[in-house]
Structures are given as structure tokens and as C-alpha cells.
Amino acid sequence: MALCLGQVFSKDKTFRPRKRFEPGTQRFELYKKAQASLKSGLDLRKVVQLPEGENINDWIAVHVVDFFNRINLIYGTVSEFCTERSCPIMSGGLRYEYRWQDGNLYKKPTKLPALKYMNLMMDWIETLINNEDIFPTRVGVPFPKNFQQVCKKILSRLFRVFVHVYIHHFDSICSMGAEAHINTCYKHYYYFITEFSLIEHSELEPLKAMTERICN
């Protein structure tokens, strides 16, 4: 899938610069192991399982960064169609609306155009990923006690990108011939979050029908 996504989606339209793992680190080795499993044709349900002897927080960290990269690539490709005029609010159809709150500039949930929401969300995730106190990269430095809670929040917000793209921009995805590739990316994401219970089931409701179609 990694190669297919790169071939189908426009690399120069990545919404944010790709985050990379430092060669020679345990995280980099885990990333290579995960990528090798993806390309091997194994069942994605098995690919997401924690390798024997590995630390679960390292495994989650690798996947959070990888999903950030992949979802950036997907949204970056359709972002030209996601304007303030076409998408004046960040939503998933008429039933679901997402408002931005970060406790800093936006202390209360605020209605925003989808593109503005995406910019703020990706900035927020990138800041967390680059924070050594949350995503430590040095050998021997432990993860913080709230690490998995932070990752749950990141993954929950990344899910909203899938919601918006599937519901509002799927025609554009199909016109690129990329439906199968985004479906595979979503399946990988879905199996991972359910394997480790990283998102409340109720939050997945906007894509329930899509999930049943492509994941079950």
C-alpha cells in the first residue's frame, strides 16, 4: 500500500512535510518491519498486531506518525477541492459537524471552514509529534504516562479527515482512480485503532456504512 499511495496520490501536494524516523533507532526498525508486513500481502488484521517482544507505546508511536503522513498525503491531494465556498464548515454530511478547540487560540468549540480546521489540526498534531516530552526519540527516555491518551486524541481527529474526504470529496478520489488505495489506507487505520481500542466506538458512527462495506 505504501508504494501504491505514493504512486496514485500527488506527493507534491502533501498537506504537511512528511515526518521521518531517524535511521538506526528502534522506532525506525519498527517502521521498516511494519512497512515490510504491509507490502507482503498479509491480512491487515494481522499486520497491525503487536510484534512479539516489542513495546506497545513504540508500536503506537510508529503508527501515529505513519497515519499522519498517509492522511496528509490523501487530504493534500483533494485540498484544492476543499475551499471555504465548497466546504464552509468542517463536517461529514448533514448529521456530523466538527468544531475546533485547542485550549489556546480556540478556547471554545468553534465552527470553521474545513480547510481552516484541517490546517489547525495538522499544526496541532505536528507540534505533538515533534515534542520530545510526548514522543521521545532518545534511547532510554520513557513515554509519558498520558501517551496513549494523547495518541487517542490524535487518531480521533485524524479519523475526521477520513469522514470529510469520504463524504464530501469521494467523487474526486474516484476520478483519480484512487478509491482502492484510500480504502486500503482506511482499513489499515481502522484495524489498528480497533486492535488497541484507541477510539470510542461511537466516534466511528459517521463511517459505519463505509466501514461495514470495506472492512467486514
Side-chain angles (χ1 to χ4, degrees), residues 2 5 9-28 30-31 34-35 55-80 82 84 87 89-92 97-165 185-186 188-189 192-193 196-200 203:
L5 278 172
F9 294 107
S10 214
K11 287 186 178 180
D12 62 345
K13 292 185 178 180
T14 299
F15 203 52
R16 284 291 182 279
R18 183 177 177 84
K19 308 304 294 180
R20 301 186 181 279
F21 299 98
E22 192 67 31
T25 63
Q26 174 67 9
R27 204 78 50 80
F28 180 72
L30 271 180
Y31 172 72
Q35 294 304 297
N55 179 277
I56 187 171
N57 285 337
D58 276 318
W59 190 239
I60 291 174
V62 163
H63 282 79
V64 167
V65 174
D66 193 36
F67 287 131
F68 173 72
N69 286 333
R70 293 174 187 277
I71 295 169
N72 262 308
L73 185 59
I74 291 169
Y75 182 71
T77 301
V78 301
S79 61
E80 65 184 286
C82 188
E84 290 194 16
C87 305
I89 60 173
M90 175 59 181
S91 63
E97 178 183 311
Y98 301 114
R99 300 189 178 192
W100 182 254
Q101 182 179 19
D102 56 22
N104 186 17
L105 293 175
Y106 296 86
K107 297 185 184 299
K108 296 181 179 180
T110 305
K111 183 184 296 187
L112 295 171
L115 182 62
K116 176 68 172 176
Y117 184 102
M118 297 292 189
N119 270 297
L120 290 167
M121 184 187 72
M122 296 303 181
D123 284 344
W124 175 78
I125 294 174
E126 193 168 22
T127 297
L128 290 173
I129 288 173
N130 289 334
N131 187 335
E132 283 285 333
D133 292 332
I134 301 173
F135 280 76
T137 58
R138 297 184 298 276
V139 177
V141 177
F143 287 92
K145 291 182 179 179
N146 69 335
F147 175 71
Q148 291 192 23
Q149 287 303 119
V150 172
C151 289
K152 287 179 180 181
K153 191 70 171 179
I154 292 173
L155 291 166
S156 174
R157 289 185 169 178
L158 283 174
F159 175 73
R160 298 172 184 182
V161 183
F162 281 117
V163 173
H164 186 72
V165 169
C185 186
Y186 177 65
H188 184 202
Y189 167 91
F192 183 79
I193 61 171
F196 299 104
S197 302
L198 294 170
I199 290 186
E200 294 295 327
E203 291 190 51

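This structure is a prediction, so every number in the text was calculated from the model and none was measured. Throughout, residue positions are numbered sequentially from 1 according to the sequence presented.
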Quick check for you: to the nearest 0.5 Å, what is the distance between [X] atom [atom1] and [Y] atom [atom2]?
X: Ile125; Y: Cys151; atom1: CD1; atom2: SG; answer: 10.5 Å
X: Phe143; Y: Ile60; atom1: CZ; atom2: CD1; answer: 8.5 Å
X: Asn146; Y: Asp133; atom1: CG; atom2: CG; answer: 10.5 Å
X: His63; Y: Leu198; atom1: NE2; atom2: CG; answer: 10.5 Å
X: Tyr186; Y: Ile71; atom1: OH; atom2: CD1; answer: 10.5 Å
X: Asn72; Y: Met118; atom1: CG; atom2: CE; answer: 10.0 Å

Heavy atoms only: give me the nearest [X]-[Y] pair and the separation to one decimal.
X: Glu80; Y: Thr77; answer: OE2-O, 3.9 Å
X: Ala61; Y: Phe147; answer: CB-CZ, 3.7 Å
X: Ile199; Y: Leu155; answer: CD1-O, 3.5 Å
X: Pro136; Y: Pro144; answer: CD-CD, 4.4 Å
X: His164; Y: Cys87; answer: NE2-SG, 3.5 Å

Thr127: what forms a side-chain hydrogen bond (donor to acceptor under 3.5 Å, both in side chains) with it, not counting sequence neighbours?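 Scan of Thr127 (side-chain hydrogen bond (donor to acceptor under 3.5 Å, both in side chains), adjacent residues dropped) gives none.
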With sequence neighbours left out, the residues meeting side-chain hydrogen bond (donor to acceptor under 3.5 Å, both in side chains) with Tyr117 are Arg160
Among all residues two or more places apart in sequence or in another chain, which pass the ring pair (Phe, Tyr, Trp, His ring centres under 6.0 Å) test with Tyr98?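 With neighbours one apart ignored, the set is empty.
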Indicate every side-chain donor-acceptor pair of residues 101-115 with a distance under 3.5 Å to a residue at least two apart or in another chain.
unit_1 : atom_1 : unit_2 : atom_2 : d
Gln101 : NE2    : Lys107 : O      : 2.7
Asp102 : OD1    : Asn104 : N      : 2.8
Asp102 : OD1    : Leu105 : N      : 3.1
Asp102 : OD1    : Tyr106 : N      : 2.9
Asp102 : OD2    : Trp100 : NE1    : 3.1
Lys107 : NZ     : Gly103 : O      : 3.4
Lys107 : NZ     : Asn104 : O      : 3.4
Thr110 : OG1    : Lys108 : O      : 2.8

Does Glu126 offer a backbone N or O that forms a donor-acceptor pair with the side chain of Asn130 under 3.5 Å? yes
Where the side chain of Ser79 meets the backbone of Gly76, is there a donor-acceptor pair that is under 3.5 Å apart? yes
Does the side chain of Val161 reach to within under 4.5 Å of the side chain of Met121, using non-hydrogen atoms?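 A side-chain contact exists here, since the closest heavy-atom pair is under 4.5 Å.
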Stepwise side-chain contact (heavy atoms from CB on, under 4.5 Å) test for Phe162 and Tyr75: CA-CA 9 Å; Phe162 281 117; Tyr75 182 71; over 6 Å; no
Partners passing salt bridge (charged side-chain N to carboxylate O under 4.0 Å, His left out) against Glu97 (at least two apart in sequence or in another chain): Arg99
I need the single residue from Trp124, Phe67, Phe68 that forms a side chain to side chain contact (heavy atoms under 4.5 Å, CB included) with Ile154. Which is it? Trp124
